[in-house]
Amino acid sequence: MRFRLLRLAPIGALLLLLGCSSKILICPVPAILADTQSVTFFRPGTTPDLANEVYTVSLVNATGDCTYSTREGLVHASLELTFRATRTPTREAATYSVPYFVAVNEGAKIYSKHLYTLKFTFAPGASVATITQAPGDVDIKISYGKLPWNYQQMAGFQMTAAQIDYNKTRSRYVP
């Protein structure tokens, strides 16, 4: 009797896995696109220069979670992003909005891209604001032979050509 139960255990486990959605440890990889990790805004009508900066926002952390339906080959993934905004201290409070994106990709292939708006406020006298935001969850159809961790949820700021050019003059872009 015991031998018969041991032979049936793997079949029972397989049947449980085939019909379930379960939380998994290795989800689509949350990532920050380095070239769009930070964006700086300047006083209107001025040149892009450190002296003319109004504020800078950086994407500092991305974490993800998901469930995987093996029956449907579908991952339901969520993402939580942490942003850090800095400015010169001033007595006034200020509220800003900055566009950012989240794309689902596998290597160079992009499956979807969604735009979001980060809204945040600097308190009076504050020079730093930390904001955590969870953009909309996504469903990712897993291709045959692939696994959830073959995909990425990549985030970054939606930037203008001038903002990209300015970023190229800073930090890691400097030759």
Side-chain angles (χ1 to χ4, degrees), residues 1-40 56-86 95-121 128-161 163-164 167-168 170-173:
M1 176 76 168
R2 186 170 187 213
F3 179 70
R4 185 179 294 163
L5 287 176
L6 287 175
R7 282 190 345 196
L8 295 176
I11 294 170
L14 180 62
L15 289 174
L16 284 174
L17 282 176
L18 289 176
C20 301
S21 285
S22 59
K23 194 168 189 170
I24 58 176
L25 297 176
I26 303 179
C27 295
V29 179
I32 299 169
L33 183 60
D35 294 352
T36 63
Q37 177 187 9
S38 183
V39 62
T40 302
T56 298
V57 185
S58 299
L59 189 45
V60 295
N61 194 30
T63 59
D65 200 6
C66 67
T67 56
Y68 182 32
S69 171
T70 54
R71 175 180 287 163
E72 298 173 10
L74 192 69
V75 170
H76 183 78
S78 63
L79 188 64
E80 185 174 274
L81 303 171
T82 303
F83 301 87
R84 185 172 188 267
T86 58
T95 300
Y96 299 103
S97 297
V98 180
Y100 71 95
F101 67 87
V102 174
V104 174
N105 70 298
E106 177 194 9
K109 184 174 182 181
I110 296 175
Y111 291 97
S112 67
K113 179 181 175 184
H114 298 281
L115 294 177
Y116 300 93
T117 301
L118 173 68
K119 293 182 180 183
F120 62 97
T121 300
V128 176
T130 302
I131 311 97
T132 300
Q133 188 164 336
D137 294 355
V138 296
D139 290 326
I140 304 168
K141 182 71 174 166
I142 304 299
S143 301
Y144 181 75
K146 301 289 182 178
L147 294 168
W149 51 86
N150 294 127
Y151 299 83
Q152 282 187 327
Q153 288 190 84
M154 188 171 9
F157 289 103
Q158 189 69 29
M159 298 166 54
T160 66
Q163 290 168 327
I164 292 169
N167 273 4
K168 289 179 181 178
R170 301 180 59 187
S171 64
R172 72 181 197 94
Y173 293 99

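Quantities reported herein were computed from a predicted structural model and do not represent experimental measurements.
- More than 12 heavy-atom neighbours from other residues, nucleotides or ligands sit within 6.0 angstrom of CG on L147.
- A donor-acceptor pair under 3.5 Å is absent between the side-chain atoms of K168 and the main chain of D35, judged by distance alone.
- Atoms OG1 and CG, from T130 and N61 in turn, are 11.5 Å apart once rounded to the nearest 0.5 Å.
- Remark: R84 CZ to T82 OG1 distance equals 12.0 Å, nearest 0.5 Å.
- With contacts defined as side-chain heavy-atom distances shorter than 4.5 Å, the pair V75/Y151 does not qualify.
- With sequence neighbours left out, Q133 forms a side chain to side chain contact (heavy atoms under 4.5 Å, CB included) with F83, Y100, L118.
- The distance from atom CE of M159 to atom CG of L33, rounded to the nearest 0.5 Å, is 9.5 Å.
- Pairing each heavy atom of F157 with each of L59, the nearest pair is CE1-N, 3.7 Å.
- Side-chain contact of Q152 with N105: a donor-acceptor pair under 3.5 Å is present, judged by distance alone.
- V57 has its side chain out of reach of Y96: every pair of non-hydrogen atoms, C-beta onward, lies at least 4.5 Å apart.
- Smallest separation of non-hydrogen atoms from Y111 and S143: OH-OG, 4.3 Å.
- Of all the heavy atoms in Q158 and K113, the pair that sits closest is OE1-NZ, 3.1 Å.
- Side-chain atoms of I140 and P28, non-hydrogen and from C-beta on, do get closer than 4.5 Å to each other.
- Side-chain contact between I142 and Y68 is present, with heavy atoms from C-beta onward closer than 4.5 Å.
- Taking every heavy atom of both residues into account, I32 and V60 meet most closely at CD1-C, 4.0 Å.
- A donor-acceptor pair is defined here as one N or O able to donate and one able to accept, closer than 3.5 Å; such a pair exists between the side chain of N167 and the backbone of S38.
- Atom CG in L79 sits 11.5 Å away from atom SG in C66 (nearest 0.5 Å).
- Annotation: side chain of V138 is not in contact with side chain of V102 (no heavy-atom distance under 4.5 Å).
- The NE2 atom of H76 sits 6.0 Å away from atom OG1 of T67, with the distance rounded to the nearest 0.5 Å.
- Residues K119 and T95 form no side-chain contact, since every pair of their non-hydrogen atoms from C-beta on lies 4.5 Å or further apart.
- Between the side chain of Q153 and the backbone N or O of P30, no donor-acceptor pair lies under 3.5 Å.
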